[in-house]
Amino acid sequence: MSDLDAMGSVTRWIEEIRAGASSAVPSVWNRYFSRLAGIADHGMADSPSRSMDGEDVASSVLETFFRKVREGQFPELRDRDDLWLLLLAITRCKVVSHKRHELRQKRGGGRVLLATDVRAWQNESFNLDDIADGEPTPDLMISLKDACNFLISEMLRDEKTRAIAILKLEGLTNKEIAERLNTVSRTVERKLKLIRSAWEKVFSIEFEGSNDDQDTAGE
Amino acid sequence: MIKIPLESDQWLEMDVLEQVDVICVAFEEAWQRGNTPKISDYALLISVDRRAELLRELIIVDKQCQEQRDAQTAKSTSMSSQATLTLNHGRQDTDIEFLDLEANNSAPGTAMELPTAFGDFILFEHLGRGAFGQVYRAENTRTGKQVAIKVPHSNLISEPDEYRLFIREARNVANLTHPGIVKVNDVEFVNKVPFLVLEYVDGKNLKEHIDEFGMLPVRSAVLLTIQLAEAAEHAHQAGVVHRDIKPSNILIESPKQNREAQDSPDLIPRLFDFGIAKRNGANTLVTQPGVVIGTPAYMSPEQACGNSRATTNRSDVYSMGVVLYELLTGSTPFQGTTTQILAAVQADEVPDIRHRNPALSKNLAIVCHQALRLVPEARYASAIDFANDLRRWLNGEPVLGRPIGFAEWAIKKTKKHRVEMRCAMIVAILFSVAGALAWRSQQSHRQLVADLLISDPQSHLGPRMPGSLEDWLINVPDSLADSQPLIAGIHSSPPEKLLKIGNALRQHKSRSVATLRQCLDSGNLDSVDQLKLACIYGVVDPEGFENLGVATRLTDWLFGSSCFDNVEGWTELTSHFSRPLVAPLTERYAASMHSSQRAIARKWLIGLLEREPIERTVEAMMLSRVDELIDWNRLLSRRFRNPLPAVQAKRRSLNLDFGYDEDGEARSMAYANLLLMEYGLGGEESIWPLLAIAKDPRPRTYFVHQIGQSGFPLTSIIDKLSDNSDPTVQYAILVAISQCAQERFSNKELQKIRTWLVEAYESHPNCGVHSMCRWLLNEWGLGSELIEVDRRLSKEGFVKGRNWYVNRLGMLMLVVDGPVETGMPHPSSSASLELPDTFEVRRITRSFAIGADEVTQGQFRQFDPSYSAAVVDPASTQLSNNDNLPAIGQEWTSNLQFLQWLSLNGGYSDTEAANWHQIDDKSVEIDYSKTGYRLPTYEEWMYCCMAMTESHCNYGTIYTPFNDKYVFQPQSKKSGNQKISPVGSRMPNTFGIFDTLGNANEWTASKFALDGTFPSDSLDLQIVNVRAACIICGTSSSSVRPTSVRVGFELPSKNYGKTGFRIARTLAPFETEP
């Protein structure tokens, strides 16, 4: 059923996210981030991160960001390259592949999944609305934190790049970041491009993994 | 110092982005340490294939660092109040960079390594070195666009005056925009060194092209020269003369994809290097007097003798002539050393091109030589004249160029004292002619000339002076030589005067014809004088005018120039030789979009047709717009005693199979014009039958939608209303009335129509007329008069003889007496918006009734008080709850429940109402033998949409007739609103069914097989797959043209926002039969 070329679909998916973000109704996102912020408020302090090897940059990033959200400062998702979208997409992808794995376990246990159900679910779970769909859970919050830590600490080469990623996620504009780090705005733009490129690689690996799941689930 | 471990494995593993980043960071750090790093040093750190990427980044970082530093300097400056300190803009080393550039490239082989940075540009490739300077292929990092950059030789800009002039000239050239000219985008500076930024054209120059592909075919060569001349004309109009047109200055754009198709006429020449262009009439200091500028072989005689002031547009014409000469023969006219060429160019007419290539057509040779005349005045006056004559040759029309005259050959032989000799020759000819002249004068002729004098006050200044026009007219010479007074006289003459001159000359017809012909053939006139002279010729010899072949040009000229503010004068003049003008003018008329231009064309055309047979008038009238018909009507009635038969004959001669392409559209419009004209001329009786439903709906549609704007009296239409013989004609008449402004009717007429409408609404046997009456009365604000009637009709129920009734719930039902057939597009064709190729004939065996209106939200809410359409699409407030809007958004099965509820409320028994039941969650069984309310089948709804037409477009192929019919108007770009109309508010179709047009999506109940086929509709019991019930879109307005029906499928469980539905029921036999 699914003869999708994995890389092709990643590209398309990223394109869709970007296209969608630029036209997305801001209120939907604002609502989503408010709800996430609500979770963060309750869940952040006592939820242990599962990959606490290195320093926990995510905690401070997310805290700063959600504090702003609670104050009514929402990230400008119209920016088609926003890091938040990638972060959410990667987190979501991890959660989805995890869920699929669970579904596959259940299949042997009695309930027969119709091919159409799987198809519909697979198709629908991969669109932008779905990221913002449903009540975010503390689980999601943990995944988000894990992903955030991993993406910043493991995937970025130097200190300046990490600093830019952190400030960007905290919701600063390119200009503010340039001023804060005493650098020119072109450098900020270039570094962001590097960050996105690194994170998109992570995303495509995650996605490929979940795509394999799809193929077996549909048989 | 730059600390990058360039050899390390880590570095080699990095991708471009990362390497670029590392270098840029180092570069920026150097700036922050207070240094001014050079881009070129850092650019070398990366391998050549990655360098462009790095340069793009470095150039911007460099710029931003510079700005940052400037800002800081400014800050510290203002803080220390040292106002006298000048800011240091620009970098000191840029000059050096530039000079490096020069030095490197002047010594080939030691060229600097490319790509490299140059201002905001990245230079990629050295394209060439010309008289002007160096040319590079480059990228503008600000726009990312590919450009060509020309850096001038330092001697072109070394002096301040030259520098300023250079910039001014460059900006002039930058103003030229033409597809045949390589665009100079701008003049930019790198530290005060100016350079040109040009559009980059991927291709070879004409010289290289010929070297590679060989000679061009004659036709391509001519086409290419035409394009070239048109481009040159553009520059000339802007006052820029190229002065160095030659094959190496003509780029041939690589034909897209097929490079081998070199003989296709697709070669696009692009003129470039206006490097030594000078501005016409302006100071020409850029080149010193006497210094020969240009390339000898392509140089005009006046350039060859170093007379740069005499260099004009005609010099470029000469150079293009040489290019054409070379393209046609393989060599330039003169060969030898530079000195030899320069001497020959100044002294000789070019050698006969046909000696080099005897296969060439004589006329083409004439045109080529006309461009290459030794004396500038003897050449084409402008590049466009040259282009036009070449085009004439291409089209097989007579050319205006003339073979080289005796006088010029004579001059060529003497080689010296050209001007004096020429004068001597002319005097000699004059004398011989004078001797041969018979001195004839006629009284009437003198009278005409006198008339001319009186009418032209200026002539009083010197009447009858020797050499005056008047004198000339009295003694018309039969030779070209002495025609100067005539030429001078017509130059600024209005058409009235031209006519008078023509009338005067007519008195000596044979002699005048000969002389005029000579003048026209001499090629010494500019194109406007030539046309004016042609007009005079036309007055003298109307038959001969046609042979001049200037009719199209004359038409174009009059339209193209502001001199057409005197339509009457020109019309009067040209009506003397109208025949050859009618065709080009009619074409012009049809093509004119702008109303003022159209009005001029119409006025002129009507004037010319005065003397033409009626058929020409009818043909021109067919191209008319509706609001112009009245003018044509007046012309026909005034000019001809009984024009009607000619109009009818024309209409009957036409093939009614118009077709659905663009021409078909024009043909059907023309046909409708004939119908309207017949009506306007009192021939309405023969057109009524054509208002009935027909195979092609367009003549009918266009007639009824335009009659209101035609200005013709409407009395016959109102009278026809009472003729009950064909209800579809009556329907058409009602549409026609609805399209007329109410002011078009007298009060008495209006009263008559209203009374008729109310009566017909209550008792007319045809549903189409009934619905149309309701719609029109509502439109006119008289809907309230119908409330009482509606009550009566609902009580009355079904009345035999009518094809409609109002049910107990007040819903209008159309009765269809089966079996009936309908054509329908195959479902597989419905996915595309294109017209279906084939119609499949489907048969409906049962008799049925179908609701004329969709179910409204108000009606649906009576069944389900919780129903709300707003949940469907909260963003679209237009669709939110309103009792009069169609019920949309509910699931398909909810519709079935509503219909069952309706049956029980409408007086049907439980048995009849229970016409469906659910088999499982996938399928529903419907029993079509029961008479309770149900959804229509696919075929039933299709039949209603098509309303008996056999056409894909049952109201024609243009959108105007739909203005009153669209149900759903998709999101408008302006307001962003989607607009759906209240039920029954749009014009009904011929059947009397409302809301079938304009993206009207409705649910139907039909068995649908997954392979996309429909089984026959004749079975009583059908099982419907609820996963794929179908909806049908009525007229689709988003397609290329409006189509009658379109099919789509939707899952009934999905809230499909725009899909409404209407009720239907199977009729028991007794319900239709008497």
Side-chain angles (χ1 to χ4, degrees), chain A residues 20 23-29 31 81 83 86 112 114-117 119-121 123-124 127 129 132-133 154-165 168 173-202 204, chain B residues 3-5 8 10-11 13-34 37 39 53-72 120 141-142 873-876 920-922 971 976 1010 1025-1028 1051 1053-1054:
Chain A
S23 63
V25 187
S27 63
V28 173
W29 284 101
R31 205 165 58 230
D81 294 326
L83 295 186
L86 262 179
V112 179
L114 292 171
T116 47
D117 290 346
R119 198 179 308 153
W121 190 73
N123 289 337
E124 280 168 21
N127 67 48
D129 290 341
D133 199 21
E154 305 286 319
M155 292 311 296
L156 303 178
R157 191 179 294 277
D158 62 297
E159 209 40 59
K160 196 168 191 174
T161 313
R162 282 194 282 271
I164 288 174
K168 188 69 187 171
T173 66
N174 291 0
K175 194 162 167 274
E176 287 165 343
I177 296 173
E179 276 165 17
R180 181 85 67 92
L181 300 178
N182 188 29
T183 186
V184 295
S185 58
R186 180 66 173 203
T187 300
V188 176
E189 286 158 23
R190 187 181 64 248
K191 293 277 189 191
L192 284 173
K193 208 158 125 193
L194 267 177
I195 297 166
R196 277 192 299 273
S197 142
W199 289 10
E200 275 171 15
K201 269 181 215 153
V202 175
S204 57
Chain B
K3 284 175 282 178
I4 296 171
S8 75
Q10 196 197 354
W11 174 257
E13 273 171 18
M14 288 184 179
D15 62 20
V16 195
L17 215 56
E18 291 169 311
Q19 286 188 348
V20 166
D21 182 60
V22 170
I23 297 172
C24 286
V25 167
F27 184 76
E28 193 183 347
E29 281 166 3
W31 269 97
Q32 283 169 346
R33 282 194 302 272
I39 291 179
E53 200 64 39
L54 174 61
L55 284 168
R56 273 178 207 123
E57 204 63 30
L58 279 178
I59 287 171
I60 298 174
V61 171
D62 183 57
K63 205 172 168 181
Q64 292 184 347
C65 287
Q66 179 72 52
E67 285 164 6
Q68 204 175 27
R69 181 172 296 174
D70 287 350
Q72 280 160 5
D120 285 344
T141 57
R142 284 167 303 195
D873 189 356
S876 172
D920 52 34
D921 62 346
K922 276 193 292 188
Q971 208 156 9
L1010 281 165
N1025 182 352
V1026 300
R1027 293 197 171 271
L1051 295 177
S1053 61
K1054 197 161 178 179

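Here is how names work: the chains are called A, B, and so on, in the same order as the sequence lines, proteins then strands, and each is numbered from 1.
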Against chain A, label Glu28(B) side chain, backbone, both or neither, depending on which of its atoms sit under 4.5 Å from a heavy atom there.
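Side chain only.
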Whatever's closer than 4.5 Å to a heavy atom in chain A on Glu67(B) counts as neither
Would you call Lys191(A) and Lys168(A) a side-chain contact if the rule is heavy atoms closer than 4.5 Å?
no
Under 4.5 Å from any heavy atom of chain B - which part of Lys193(A)
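When you check distances to chain B, atoms from both the backbone and side chain of Lys193(A) fall under 4.5 Å.
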Counting only heavy atoms not in Arg180(A) (residues, nucleotides, ligands), do more than 12 fall under 6.0 Å from its CZ?
no
Rounded to the nearest 0.5 Å, the CZ atom of Arg186(A) sits from the CD1 atom of Ile59(B) at a distance of 10.0 Å
Out of Val20(B), Leu17(B), Asp21(B), Asp15(B), return the one with the most heavy atom pairs under 4.5 angstrom to chain A.
Asp21(B)
List in chain and number order the residues that pass side-chain hydrogen bond (donor to acceptor under 3.5 Å, both in side chains) with Arg69(B), two or more places apart in sequence or in another chain; answer none if no residue qualifies.
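side-chain hydrogen bond (donor to acceptor under 3.5 Å, both in side chains) check on Arg69(B) returns Thr36(B).
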